[in-house]
*Asks:* 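Structure incoming, see below.
Keep in mind it's a predicted model, so treat the numbers as computed, not measured. Protein chains get the first letters and strands the later ones, always in sequence-line order, with residue 1 at the start of each.
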Amino acid sequence: MEIRTRFAPSPTGYLHIGGARTALFNYLFARQHKGKFILRIEDTDMARSTEESTQAILDGMQWLGLNWDEGPYYQSKRFELYKEHAYKFLEMGKAYKCYCTPEELEQRREEAIKQGKPPKYDGRCRNKKDEPGKPFAIRFKVPHGTTLVKDIIKGNVAFENDEIEDLIILRSDKTPTYNLCVVVDDATMEITHVIRGDDHLNNTPKQILMYEAFCYSVPVFAHLPMILGSDKTRLSKRHGATSVMAYKEMGYLPHALVNYLARLGWSHGDQEIFTMEDLIEKFSLENVGKSSGVFNPEKLLWLNQHYLKEGKIEELALLLIPFLEAKGYNAPADKRLPNIVKGLQERAKTLVEMADSAEFYFKEDIVYEENAAKKFLTPDMAALLDILIDRLHTLPAFTHEAIEAVFNDITNEKTIKLGKIAQPVRVALTGRTVSPGIFEVIETLGKETTIARLKKASAHCLLTH
RNA sequence: GGUCCCAUCGUCUAGAGGCCUAGGACGGAGCCCUCUCAAGGCUCAGACACGGGUUCGAAUCCCGUUGGGACCGCCA
């Protein structure tokens with residue numbers, strides 16, 4: 001039998017971290033079993049669903065590389081199907097019309113809570129006669145007994161049906177509710193494995209009861225533990241960025257996020273670094289933990305740094321361009337880009353950071369950091385810089401090796417340490433005390449720019465002190 | 001309040017009754033390397049929530065306590 005999984009977000013906001021992990025696990029499971037991964041948009045709440053949200057979710061998934069095989073299906077386009085199912089239940093005597101108004105129900109709920117009783121619907125309309133002309137909602141008749149949820153992650157969980165109220169499946173305006181829609185969709189879309197957050201565990205017995213009432217086969221369930229914020233409450237905006245696309249903007253690599261999310265709640269021995277192929281091969285629901293996990297931005301940052309460090313220069317260059325362009329630099333036309341990336345890739349934790357560090361390559365006039373200039377561009381350095389200018393000027397081949405040789409000559413002649421001259425040169429060329437190796441900076445910057453900046457620095461040495 | 005879920009370093013986790021003096025990773029501290037910053041290498045600190053059982057033997061199985069979380073809508 002073909003394995004079919006689905007991701008079913010409701011379009012009431014962007015794709016968030018938790019949703020992305022759910023989508024990822026569904027994706028990995030389907031791919032591993034050569035099955036299908038289906039995307040379904042649960043937009044039955046017309047008031048809260050927006051097209052922008054739908055697009056944001058699609059964008060997020062595409063960025064992460066979670067490509068779906070079918071869909072997106074929209075529940076809003078399947079209302080007739082749900083309605084049919086609800087009325088079929090009515091005919092079968094497995095549901096009934098409820099004439100209570102939302103106001104009455106709300107009032108009774110408040111009273112029950114005040115008296116410390118469970119706010120459960122009392123089933124008063126179960127045996128009522130039809131009242132033609134009066135508006136009604138349709139409620140599913142929950143039978144007596146026990147319902148067992150067999151969950152791959154949580155194990156067997158038993159629920160007493162008497163604890164479950166007769167839930168509304170069709171509102172009085174004839175729109176369907178969530179629990180009916182999921183069951184009808186998962187059944188008709190032939191979903192074999194329902195992998196979702198464990199906030200749905202309590203809904204599962206209701207759904208199983210409906211599958212059984214329809215004589216549909218019940219899928220396998222796997223309820224993923226929640227992702228929490230640093231204070232161990234459910235992850236939310238308070239905990240910082242929770243939108244997947246926010247990480248794109250902050251200069252994260254999609255695979256870093258995928259790798260991080262995969263390891264949050266799932267493990268494969270001591271392995272930390274996984275390619276997508278690795279994940280597809282090694283993922284298993286059996287190795288998903290039961291307990292909720294705290295989202296740790298530091299570890300994600302480490303992974304991002306790791307993939308930046310290991311990444312192919314050409315690919316990183318392409319990814320870096322938008323960040324450079326955002327700063328107003330015409331990066332695509334710049335032939336130095338590969339060298340720039342090469343020098344920066346193991347020094348940056350994000351693409352944003354990389355673009356920041358790359359600024360001195362693009363700026364016409366670099367500005368010295370105040371403390372850096374004060375410390376390194378001192379009067380006694382002017383002569384040394386002049387010697388360097390002279391020697392670089394006459395250098396036939398402007399290569400890393402040749403440049404290094406020039407520096408070696410000077411430090412030998414003057415019996416000084418390399419640091420003595422390297423730091424002032426660094427400040428002269430970049431304005432900062434931190435940069436890639438000084439020889440590669442000089443090589444990448446080129447003879448003309450290097451000498452111009454050194455001259456300016458030499459003058460600065462004498463000027464300000 | 002009711003129902004359900006969960007519990008190993010600060011965090012993510014390994015652990016399937018003896019391989020555990022509890023392993024790895026992030027983060028932290030330190031040392032080495034070094035033209036700066038990174039990267040890299042090495043070292044250190046750091047956990048089985050608590051209490052009872054079961055067993056020759058428990059992080060691992062059972063019960064309870066405590067603590068955390070989720071759900072209880074004509075939301076999804």
*Asks:* Any base atoms under 4.0 Å from Leu264(A), or only sugar-phosphate, or nothing? Heavy atoms, all strands.
*Replies:*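 The answer is sugar-phosphate, as Leu264(A) gets under 4.0 Å only of primed atoms, P, OP1 or OP2.
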*Asks:* Do you know which two heavy atoms are closest between Trp68(A) and Pro72(A), and how far apart they sit?
*Replies:*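 In terms of heavy atoms, the two residues are closest at NE1-CD, 3.6 Å.
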*Asks:* Kindly assign one of parallel, tilted or perpendicular to the pair Tyr211(A) and Phe221(A), based on the angle between their ring planes and the thresholds 30° and 60°.
*Replies:*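 Ring orientation of Tyr211(A) relative to Phe221(A): perpendicular.
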*Asks:* Parallel, tilted or perpendicular, judged at 30° and 60°: which one describes the rings of His193(A) and Phe29(A)?
*Replies:*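 His193(A) and Phe29(A): tilted rings.
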*Asks:* Name the nucleic acid region contacted by Ser291(A), choosing base, sugar-phosphate or nothing; use a 4.0 angstrom heavy-atom cut-off, strictly under.
*Replies:* sugar-phosphate
*Asks:* According to a strict under-4.0 Å criterion, is Gln305(A) in side-chain N/O contact with OP1 or OP2 of A38(B)?
*Replies:*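 Result: no.
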*Asks:* Which value, in whole Å, describes the distance between the P atoms of nucleotides G69(B) and A16(B)?
*Replies:*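 Going atom to atom, P in each nucleotide, I get 30 Å.
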*Asks:* So what does Thr177(A) touch, heavy atoms closer than 4.0 Å: a base, only the sugar-phosphate, or nothing?
*Replies:* sugar-phosphate
*Asks:* Could you work out the separation of G57(B) and C19(B) based on their C1' atoms and round it to a whole Å?
*Replies:*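 To the nearest whole Å, 14 Å.
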*Asks:* Would you tell me if any nitrogen or oxygen in the side chain of Lys232(A) comes within less than 4.0 Å of OP1 or OP2 on U11(B)?
*Replies:* yes
*Asks:* Taking any heavy-atom pair under 4.0 Å as a contact, classify Glu165(A): base, sugar-phosphate, or nothing.
*Replies:*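 Since only primed, P, OP1 and OP2 atoms lie under 4.0 Å of Glu165(A), the category is sugar-phosphate.
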*Asks:* When the distance from CG of Leu167(A) to P of C71(B) is rounded to whole Å, what number comes out?
*Replies:*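 Atom-to-atom, Leu167(A) to C71(B), this comes out as 17 Å.
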*Asks:* Given A38(B), U3(B), C35(B), identify the nucleotide with an atom nearest to the side chain of Phe159(A).
*Replies:*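 In terms of side-chain proximity for Phe159(A), the closest of A38(B), U3(B), C35(B) is U3(B).
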*Asks:* Do the ring planes of Phe407(A) and Phe439(A) sit parallel (below 30°), tilted (30 to 60°) or perpendicular (above 60°)?
*Replies:*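 Phe407(A) and Phe439(A): perpendicular rings.
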*Asks:* Determine, stepwise, if the pair Leu392(A) / Phe398(A) fulfils side-chain contact (heavy atoms from CB on, under 4.5 Å).
*Replies:* CA-CA 8 Å; Leu392(A) 286 176; Phe398(A) 212 66; 4.1 Å; yes
*Asks:* With a non-hydrogen cut-off below 4.0 angstrom, is Gly197(A) in contact with a base, only sugar-phosphate, or nothing?
*Replies:*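 No contact at all - Gly197(A) keeps every heavy atom at 4.0 Å or more from the nucleic acid.
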*Asks:* Using the C1' atoms only, state how far C20(B) lies from C4(B), rounded to an integer number of Å.
*Replies:*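 About 34 Å, rounded to a whole number of Å.
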*Asks:* Could you tell me whether Cys181(A) contacts a base, only the sugar-phosphate backbone, or nothing, with contacts defined as non-hydrogen atoms closer than 4.0 Å?
*Replies:*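 No contact.
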*Asks:* If the cut-off is 4.0 Å, is Lys309(A) near the phosphate of G40(B), judged by side-chain N/O to OP1 or OP2?
*Replies:*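 So the side chain of Lys309(A) is within the cut-off, an N or O lying under 4.0 Å from OP1 or OP2 of G40(B).
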*Asks:* Scan Asp45(A) against the nucleic acid and name what it touches under 4.0 Å (heavy atoms): base, sugar-phosphate only, or nothing.
*Replies:*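 Sugar-phosphate only.
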*Asks:* Using the side-chain heavy atoms of Asn202(A), tell me which of these nucleotides is nearest: G2(B), C74(B), A70(B).
*Replies:* A70(B)
*Asks:* When we call it a touch if two heavy atoms are under 4.0 Å apart, what does Ile168(A) touch: a base, just sugar-phosphate, or nothing?
*Replies:* base
*Asks:* Without decimals, in angstroms, what is the distance between Glu298(A) CD and U13(B) C1'?
*Replies:* 17 Å
*Asks:* With a 4.5 Å limit on heavy-atom distance, are the side chains of Met276(A) and Leu28(A) in contact?
*Replies:*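 Answer yes - side chains close enough.
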*Asks:* Give me the distance, rounded to whole Å, that separates G27(B) from A45(B) when you measure between the C1' atoms they each carry.
*Replies:*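 Here G27(B) and A45(B) have their C1' atoms 13 Å from each other.
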*Asks:* Check every strand shown and say whether Arg432(A) touches a base, only sugar-phosphate, or nothing at a heavy-atom separation below 4.0 Å.
*Replies:*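 Result for Arg432(A) = nothing.
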*Asks:* Which part of the nucleic acid, if any, lies within reach of Thr233(A) when heavy atoms closer than 4.0 Å are counted: base, sugar-phosphate only, or nothing?
*Replies:* sugar-phosphate
*Asks:* Does Arg347(A) put a side-chain nitrogen or oxygen below 4.0 Å from OP1 or OP2 of U36(B)?
*Replies:* no
*Asks:* When all nucleic acid strands are considered with a 4.0 Å heavy-atom cut-off, which category describes Leu105(A): base, sugar-phosphate, or nothing?
*Replies:*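 Base contact - Leu105(A) has a heavy atom under 4.0 Å of at least one base atom.
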*Asks:* Could you work out the separation of C56(B) and A14(B) based on their C1' atoms and round it to a whole Å?
*Replies:*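 Looking at atom C1' only, C56(B) and A14(B) are 27 Å apart.
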*Asks:* Of Ala348(A) and Pro9(A), whose nearest nucleotide on RNA chain B comes first from the 5' end?
*Replies:* Ala348(A)
*Asks:* Closest to the Val434(A) side chain: G1(B), C75(B), C37(B)?
*Replies:*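 Looking only at heavy atoms from C-beta outward on Val434(A), the closest nucleotide is C37(B).
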*Asks:* What integer number of Å spans the P atoms of A25(B) and C32(B)?
*Replies:* 22 Å
*Asks:* Return the nearest nucleotide to the side chain of Arg426(A); candidates are G23(B), A70(B), C35(B).
*Replies:*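 It is C35(B).
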*Asks:* Quote, to the nearest angstrom, the P distance that separates G68(B) from A49(B).
*Replies:* 16 Å
*Asks:* Kindly say if Arg234(A) contacts the phosphate of C71(B), meaning a side-chain N or O under 4.0 Å from OP1 or OP2.
*Replies:*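 Checking C71(B) against Arg234(A), a side-chain N or O does come within under 4.0 Å of OP1 or OP2.
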*Asks:* Determine whether a donor-acceptor pair (one donor, one acceptor, N or O, separation below 3.5 Å) exists between the side chain of Glu272(A) and the base of G24(B).
*Replies:*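 Under the 3.5 Å cut-off, the side chain and the base do form a donor-acceptor pair.
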*Asks:* Name the one of Leu301(A), Ile273(A), Leu253(A) that satisfies side-chain contact (heavy atoms from CB on, under 4.5 Å) with His306(A)?
*Replies:*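 Testing each of Leu301(A), Ile273(A), Leu253(A) against His306(A), the sole residue satisfying side-chain contact (heavy atoms from CB on, under 4.5 Å) is Ile273(A).
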*Asks:* Counting only side-chain nitrogens and oxygens, does Thr44(A) get under 4.0 Å of the OP1 or OP2 atom of A76(B)?
*Replies:* yes
*Asks:* Under 4.5 Å between any side-chain heavy atoms of Phe295(A) and Tyr260(A), yes or no?
*Replies:* yes
*Asks:* Check every strand shown and say whether Ser267(A) touches a base, only sugar-phosphate, or nothing at a heavy-atom separation below 4.0 Å.
*Replies:* sugar-phosphate
*Asks:* Identify whether any heavy atom of Glu42(A) sits under 4.0 Å from a base atom; if not, whether one sits that close to sugar-phosphate; answer base, sugar-phosphate or nothing.
*Replies:*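 The residue Glu42(A) makes sugar-phosphate contact but no base contact.
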*Asks:* Map Asn296(A) and Trp302(A) onto RNA chain B by nearest heavy atom, then report which one ends up closer to the 5' terminus.
*Replies:* Asn296(A)
*Asks:* Between A38(B), C35(B), C75(B), which nucleotide has the shortest distance from any of its atoms to the side chain of Arg171(A)?
*Replies:* C75(B)
*Asks:* Would you indicate what Asn203(A) reaches in the nucleic acid, counting non-hydrogen atoms under 4.0 angstrom: base, sugar-phosphate, or nothing?
*Replies:* base
*Asks:* Does any nucleotide pair with C26(B) by Watson-Crick or G-U wobble geometry, both distances under 3.5 Å, and what is it?
*Replies:*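 Paired with C26(B), as far as the under-3.5 Å criterion goes, is G10(B).
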*Asks:* Give me the distance, rounded to whole Å, that separates G18(B) from G2(B) when you measure between the C1' atoms they each carry.
*Replies:*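 The same atom, C1', in both gives a distance of 43 Å.
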*Asks:* Taking OP1 and OP2 of A14(B), is either one under 4.0 Å from a side-chain nitrogen or oxygen of Arg263(A)?
*Replies:*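 Looking at the OP1 and OP2 atoms of A14(B), neither is under 4.0 Å from any side-chain N or O of Arg263(A).
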